[in-house]
Trainee: 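My structure is below; once you've seen it, I'll send some questions.
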Amino acid sequence: QVQLVESGGELVQAGGSLRLSCSASGRTSNMYAMGWFRQAPGEEREFVASTGRSGDITIYADSVKGRFTISRDSAKNTDYLQMNSLKPEDTAVYYCAASLYEHCSAYGCDHPVDYPYWGQGTQVTVSS
């Protein structure tokens, strides 16, 4: 079992920045990848970014590329999602998720089905 706890979401003005945190506990040695997803009201959950087991390689959705960055503090078992130049369309509940599947180990996976463990979500609201 892996437990994930996100934090850092809040109300911010367009153009501003936020850093989300995702702390992992439990059987973290079984984790092959960490992903970030978001879900706006009435929308499906969509991929934002992910990184593989080493944390060295990351992939991003086109909508956030160049604005969002994943980083990792392995000593703290914590991943971060730095979000810059925020736009109102970034408003959503943001989730981190852990994958235990080896095929996601290089740079993560971009589909929710590949992530059996999820955090509770943190609300990000970007005002115009």
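Nothing fancy with the numbering, it's 1 onward along the sequence.
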Trainee: What distance do R38 atom CZ and F47 atom CZ have between them, rounded to the nearest 0.5 Å?
Mentor: 11.0 Å
Trainee: Between R19 and Y80, is NZ or CZ placed under 6.0 angstrom from the six-membered ring centre and within 45° of the ring axis?
Mentor: yes
Trainee: Using modelled atom types only, decide if a donor and an acceptor are shared between the side chain of T78 and the backbone of K76 within a distance under 3.5 Å.
Mentor: yes
Trainee: Does a side-chain heavy-atom distance below 4.5 Å link R67 with D90?
Mentor: yes
Trainee: CD/Q13 to OG1/T125 distance, rounded to the nearest 0.5 angstrom?
Mentor: 13.0 Å
Trainee: Okay, side chain of R53, backbone of Y107: is any donor-acceptor separation there less than 3.5 Å?
Mentor: no
Trainee: Can you tell me how far apart CE (M83) and CG (L18) are? Round to the nearest 0.5 Å.
Mentor: 4.5 Å
Trainee: Considering non-hydrogen atoms only, spot the tightest contact between G8 and L20 and give its length.
Mentor: C-CD2, 3.5 Å
Trainee: Assess the side chains of N84 and S17: does a donor N or O sit below 3.5 Å from an acceptor N or O?
Mentor: yes
Trainee: Donor-acceptor pair, distance only, cut-off 3.5 Å: does the side chain of E6 make one with the backbone of G121?
Mentor: yes
Trainee: For the aromatic rings, using the six-membered ring if either is Trp, is the centroid distance between Y115 and F37 under 6.0 Å?
Mentor: yes
Trainee: Ring-plane angle category for F68 and Y94, please: parallel below 30°, perpendicular beyond 60°, tilted otherwise.
Mentor: tilted
Trainee: So does P88 get a backbone contact from the side chain of T91, meaning a donor-acceptor N/O pair under 3.5 Å?
Mentor: yes
Trainee: List the atom of S7, the atom of T122, and the distance in Å for their closest heavy-atom pair.
Mentor: C-OG1, 4.2 Å
Trainee: Restricting to non-hydrogen atoms, name the atom on Q120 and the atom on V5 that form the minimum distance, rounded to 0.1 Å.
Mentor: OE1-CA, 3.6 Å
Trainee: Work out which heavy atom in A49 is nearest to a heavy atom in I70; give both atom names and the distance.
Mentor: CB-CD1, 3.5 Å
Trainee: Hey, what do you get for CE (M34) to SG (C96), rounding to the nearest 0.5 Å?
Mentor: 5.5 Å
Trainee: Which pair of non-hydrogen atoms, one from D114 and one from P116, has the smallest distance, and what is that distance?
Mentor: O-CD, 3.5 Å
Trainee: Find the distance between CG (N30) and OG (S99) and round it off to the nearest 0.5 Å.
Mentor: 11.0 Å
Trainee: Salt-bridged, D62 to K65, with N to O below 4.0 Å?
Mentor: yes
Trainee: For the residue pair I57 and T51, what are the closest heavy atoms and their distance?
Mentor: O-OG1, 2.9 Å
